[in-house]
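Throughout, protein chains are lettered first and strands after them, A, B, ... in sequence-line order, and every chain is numbered starting at 1.
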2 protein chains.
Amino acid sequence: MNAPILSQSRCGDCPIRHRAVCARCNADELEELDAIKYYRTYEAGQPIIWSGDVMNFVGSVVSGIASLTQTMEDGRTQMVGLLLPSDFVGRPGREGAAYDVAATTDVVMCCFRKKPFEELMERTPHIAHRLLEMTLDELDAAREWMLVLGRKTAREKIASLLAIIARRDATLTPGGATNRMVFDLPLTREAMADYLGLTLETVSRQISALKKDGIIELEGKRHVTVPDMRRLMEEAGDDSDGGFLG
Amino acid sequence: MNAPILSQSRCGDCPIRHRAVCARCNADELEELDAIKYYRTYEAGQPIIWSGDVMNFVGSVVSGIASLTQTMEDGRTQMVGLLLPSDFVGRPGREGAAYDVAATTDVVMCCFRKKPFEELMERTPHIAHRLLEMTLDELDAAREWMLVLGRKTAREKIASLLAIIARRDATLTPGGATNRMVFDLPLTREAMADYLGLTLETVSRQISALKKDGIIELEGKRHVTVPDMRRLMEEAGDDSDGGFLG
DNA sequence: CCCAATCCTTGACCCAGATCAACCGGACCC
DNA sequence: GGGTCCGGTTGATCTGGGTCAAGGATTGGG
């Protein structure tokens, strides 16, 4: 939501410019990061981390979408965050993972071994500051989502989610926010339901309703056109920022 | 939930030992903190910060309980965090406040002027680390609460809230968690409803139901005895940690 | 081509929790 | 004493979204 300084330099040879750890890093630090990093790919549906596992890396999403999920013993689940490209994963200074992380689409991660990363962080205050900033962003986003979960109707929830995806998509493509937006849903109906605290049937029904009312247009099941973002935002009951980073 | 090192030294003459910024601070730093700090009191019900206001301080709650609240244009509100004594308020490096903060009971705050605090933070990496740690705790708590909001029934929500208050109370009184717990509810039924994404009628009914079923005992409207914490935790559908710090 | 597996849609019905409304009881104040 | 708040309880009713169930569309494999 509050995307600060995008890095002008690349993190080593990462195919994207991380918004994460390398902003403002100088050449020495980037070299150090380079030395402790490696790439991993995950197929859609694969788990990346299980809640409670010992985490031995932190990193950023390079491409694809991952989800953070909480689960109850009886199987009820709630998605508590979406990780989009450039989002950071992991908790420097923490032993275990707090939630399940899974690849929603095929995912490429740029990982840093945790110990050396923490050591680099000790020596490099601006990395710690950057992480604090990112964590505050995520906290804002999580709290915004609490309002969605606690007080919004099903229709408003769907509209909120669509608005977030549209907005986030806009940050990755040049041009910024316009009235008309086109994007592909990166989530199944079930994943959307998990995110919104709904059932997949309700998600489906509300998407159909938004379509019938001309708020969105659908081509196939995933390809969405929003003819007028302002109308969508109204449906979301929300003229505030609405960005959820995960 | 993950209360790390409690400060052995006091933050200047604060009447409580902050768990917040002064853990591990040495004498020099405490002196600096002392120089930029001041106390403020707020009466129950009073606003402390309005969403969007420019914040010129950060600080900790010394006594009393404050709440963080999100509001929609049409008046629906969702509490997104509870601030209990020793909890930190404010967002170093951020201009504006993201939510309304209000005193739920009478509150005493120990405030630090923001600019000098940020400067001290620049020079003192362990303060930045401490803040990162606290922010990660809050993020965990917020995400845990998303599960409560999105997937739990009204009864489970009430039980979860009672468990959190009981647990948090226990961290402030010696002895730690036992089976039997006694505490006072620091929230009105309405505030509980705001926190849980329910109406106050539902809160009242579910509390009555828990009482009828012997999960809790009530003396007056606020004084609660939990004869067996394990039973309460079962009702919360939750054998995990469940601590929400705010 | 058929078959099976996914993912999605739609319909019929039901129930948890919202809504509307009446009332209780203690604190405070004339 | 008698108001009148204010917070809380309880009842009656309504409804949004859950649940159960039956297909439809697309994909991939034999």
Side-chain angles (χ1 to χ4, degrees), chain A residues 43-46 67 72 74-78 104-106 148-162 184-213 216-224 235 237, chain B residues 43-46 65 67 72 74-78 104-105 148-162 184-213 216-224 235 237:
Chain A
E43 277 172 44
Q46 256 193 328
S67 61
M72 291 171 67
D74 63 6
R76 280 176 282 176
T77 65
Q78 174 66 50
T104 296
T105 62
D106 289 353
V148 173
L149 289 174
R151 293 299 183 193
K152 291 195 178 179
T153 65
R155 173 184 263 245
E156 289 169 335
K157 286 179 175 182
I158 298 286
S160 299
L161 179 56
L162 293 176
D184 282 314
L185 282 175
L187 301 173
T188 65
R189 300 293 186 262
E190 188 181 19
M192 294 173 73
D194 275 352
Y195 202 13
L196 296 166
L198 298 170
T199 59
L200 67 91
E201 293 95 328
T202 299
V203 170
S204 183
R205 272 187 256 272
Q206 295 299 335
I207 288 181
S208 297
L210 288 175
K211 181 172 144 194
K212 187 166 70 61
D213 297 347
I216 60 172
E217 290 153 23
L218 267 182
E219 199 175 316
K221 288 148 194 233
R222 297 296 191 87
H223 191 74
V224 179
E235 291 293 338
Chain B
E43 278 172 42
Q46 256 193 328
I65 298 195
S67 61
M72 289 171 67
D74 62 7
R76 280 177 281 177
T77 65
Q78 174 66 51
T104 295
T105 64
V148 173
L149 289 174
R151 293 301 183 191
K152 290 196 178 177
T153 65
R155 173 183 263 243
E156 289 169 335
K157 285 179 175 182
I158 298 287
S160 300
L161 179 56
L162 293 176
D184 283 314
L185 282 176
L187 302 173
T188 65
R189 301 292 186 262
E190 189 181 18
M192 295 173 72
D194 274 352
Y195 203 12
L196 296 166
L198 298 171
T199 59
L200 67 93
E201 292 96 329
T202 300
V203 169
S204 184
R205 272 187 254 271
Q206 294 299 335
I207 288 181
S208 298
L210 287 175
K211 181 172 147 194
K212 187 166 69 62
D213 297 348
I216 61 172
E217 290 152 25
L218 268 182
E219 199 174 315
K221 286 145 196 236
R222 299 295 192 87
H223 191 73
V224 179
E235 291 292 340

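- Checking side-chain atoms of A:Ser208 against main-chain N and O of A:Ser204 turns up a donor-acceptor pair under 3.5 Å.
- The side chain of A:Thr202 places no N or O atom within less than 4.0 Å of a non-bridging phosphate oxygen (OP1 or OP2) of D:dG17.
- For the pair B:Thr199 and A:Leu200, both in contact range of DNA chain C, the more 5′-proximal nearest nucleotide belongs to A:Leu200.
- Backbone-only engagement by A:Thr188 is indicated by non-hydrogen atom pairs under 4.0 Å involving sugar-phosphate atoms exclusively.
- As judged by a 4.0 angstrom heavy-atom cut-off over every strand, A:Gly197 is placed among residues touching the sugar-phosphate backbone only.
- Judged by distance alone, the side chain of A:Asp106 and the main-chain N or O of A:Ala44 form a donor-acceptor pair under 3.5 Å.
- Whole-Å rounding puts the B:Ile207 CD1 to C:dG17 C1' distance at 15 Å.
- Side-chain atoms of A:Glu156 do not come within 3.5 Å of backbone N or O of A:Glu235 as any donor-acceptor pair.
- Between B:Arg222 atom CZ and C:dG26 atom C1' the separation is 13 Å, expressed in whole Å.
- Checking side-chain atoms of A:Arg151 against main-chain N and O of B:Arg76 turns up no donor-acceptor pair under 3.5 Å.
- Between A:Ser208 and the phosphate of C:dT10, there is a side-chain N or O to OP1/OP2 separation shorter than 4.0 Å.
- Under the 3.5 Å distance criterion, the side-chain polar atoms of A:Glu219 are left unmatched by any main-chain donor or acceptor of A:Val224.
- Regarding B:Arg189, its CZ atom lies at a distance of 15 Å from the P atom of C:dG25, rounded to whole Å.
- Phosphate proximity of C:dA16 to B:Thr153: absent, as no side-chain N or O sits under 4.0 Å from OP1 or OP2.
- Among the atoms of the strands shown, only primed sugar atoms or phosphate atoms (P, OP1, OP2) are found under 4.0 Å from some heavy atom of A:Leu198.
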Can you tabulate the close N/O pairs, meaning under 3.5 Å, that link protein atoms to atoms of nucleotides 20-28 of chain D?
| unit_1 | atom_1 | unit_2 | atom_2 | d |
| --- | --- | --- | --- | --- |
| D:dC20 | N4 | A:Glu201 | OE2 | 3.3 |

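- Within a 6.0 Å sphere centred on CD of A:Glu201, heavy atoms belonging to other residues, nucleotides or ligands number more than 12.
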